[in-house]
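In each ligand, atom 1 is the first atom listed, and ligand 1 is the first ligand listed.
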Amino acid sequence: MKQTNVRQFFAQFPTDEACLAHLFNVRFGQGHTCPKCERAAKWYRIKAELAFSCQWCGHHIHPMVGSIFEKSRTPLQLWFYAIFLFTTSRHGVSGKELQRQLGVTYKTAWRMAAMIREHMAAVDGESPLGGEGQVVEIDEAYVGGETPNGYGGRNKTIVLGMVERGGDALVKVVPNMKGETVKKIVKENIVPGAEVHADMHVSFDQIGREGYDLRRINKKALDAYVGPNGETVNSVENFWRHLKCSIKGTHISVSPKHLERYAKEFEYRFNRRMRPETMLDELLSRFPELGA
Ligand SMILES: [Zn+2]
């Protein structure tokens, strides 16, 4: 299935009312067991509230309760459209862009963007990578800040990236690249038994003693970035290239404080690159950060 385009989006979501009905359908749906009378029920839209009512006992379900839309005064259709933009853009969406597209104030747009990024991170989750028979590439990047392309420039944030071959990415902002720091992150996020590919950076030395099959690639010594036994960090380097290029193109500057959110936004999309058409409904149906 192909990803929805903007015309299809507005055909499906012409009004706030259509959005509310969709939110009910993806979160609960017709036949949803009533939490009060515990019967499988038909649910009827009631007009007095933004709610649906059980055919048997009249219990109300408010589709926005327990979602990121619950406390917002921004119309539901604008929220849906904002999320749509985040799922269809390859390079992310800046606050300015959202302000322009939605016709809301910059403050509102910025807050919506931050909430959507946090939501994407929560839905993506933090399942560890690796395990027996899996290959995981690990690499660090210095992202954001003010020095263009420089390593260790001012206000740069160190991000540690792990990408399972053919699978998911997991990124973590780290305070430094000390061996102990890297080892701790690896143990928390890669299941032992995995073959871990890393460059010659001294910070990765300790990983080999922790139950991982560590393979090194000396990038400086090779023309091609693949070692004699298939060692490579190409996947994770592609991830960095894409992230850095997008941050440079879309966002004027990203402070260390916000960088993790941006990186997680890319992680979310990367992990769904084979099924982009599922992103919108996934983001509308699950709110793990709110216990729903
Ligand atoms: Zn009921």
Side-chain angles (χ1 to χ4, degrees), residues 1-88 93 98 102-104 108-109 111-127 168 261 264-265 267-269 271-272 274-292:
M1 199 164 75
K2 274 192 70 187
Q3 200 160 7
T4 314
N5 62 40
V6 67
R7 189 192 297 193
Q8 290 164 327
F9 175 87
F10 284 108
Q12 190 183 0
F13 303 113
T15 58
D16 291 331
E17 186 59 41
C19 295
L20 188 74
H22 188 78
L23 193 61
F24 177 84
N25 285 332
V26 292
R27 294 192 69 197
F28 307 98
Q30 286 303 339
H32 180 75
T33 302
C34 176
K36 191 163 176 219
C37 71
E38 298 180 344
R39 300 168 77 178
K42 262 190 187 155
W43 294 87
Y44 294 99
R45 176 80 173 92
I46 54 163
K47 293 295 167 200
E49 297 169 42
L50 297 173
F52 290 75
S53 163
C54 169
Q55 75 178 114
W56 309 113
C57 73
H59 176 72
H60 291 178
I61 286 180
H62 295 77
M64 290 198 282
V65 171
S67 79
I68 57 170
F69 319 119
E70 181 179 354
K71 297 192 173 81
S72 171
R73 280 178 304 179
T74 303
L76 207 48
Q77 191 197 34
L78 289 188
W79 269 112
F80 276 36
Y81 189 55
I83 294 173
F84 170 77
L85 292 175
F86 271 87
T87 63
T88 49
V93 187
L98 213 52
L102 303 184
V104 296
T108 297
R111 199 185 294 133
M112 287 172 83
M115 280 179 79
I116 292 169
R117 285 188 193 104
E118 267 167 22
H119 182 48
M120 289 167 114
V123 171
D124 189 54
E126 297 283 274
S127 300
D168 283 3
R261 279 210 290 248
K264 287 286 170 192
E265 176 193 338
E267 180 187 312
Y268 176 89
R269 273 194 300 265
N271 292 347
R272 283 148 188 82
M274 307 302 190
R275 48 184 172 94
E277 74 283 355
T278 64
M279 287 191 277
L280 182 62
D281 273 350
E282 182 187 37
L283 292 169
L284 295 176
S285 59
R286 295 180 50 223
F287 300 90
E289 71 273 43
L290 300 165

Just by distance, do the side chain of His59 and the backbone of Pro35 share a donor-acceptor pair under 3.5 Å? no
Judged by atom type as modelled, is there a donor-acceptor pair below 3.5 Å linking the side chain of Gln30 to the main-chain atoms of Asn25? no
With Arg261 as partner, the option from Met115, Met120, Glu118 fulfilling side-chain contact (heavy atoms from CB on, under 4.5 Å) is Glu118
Under 4.5 Å between any side-chain heavy atoms of Leu50 and Phe69, yes or no? no
Which residue in the set Phe86, Phe10, Phe13 passes ring pair (Phe, Tyr, Trp, His ring centres under 6.0 Å) when paired with Phe80? Phe13
Polar protein atoms (N, O or S) that approach the Zn ion (ligand 1) to under 2.8 Å: Cys34 SG, Cys37 SG, Cys54 SG, Cys57 SG
Hey, does Tyr268 have a side-chain heavy atom less than 4.5 Å from the side chain of Arg117? no
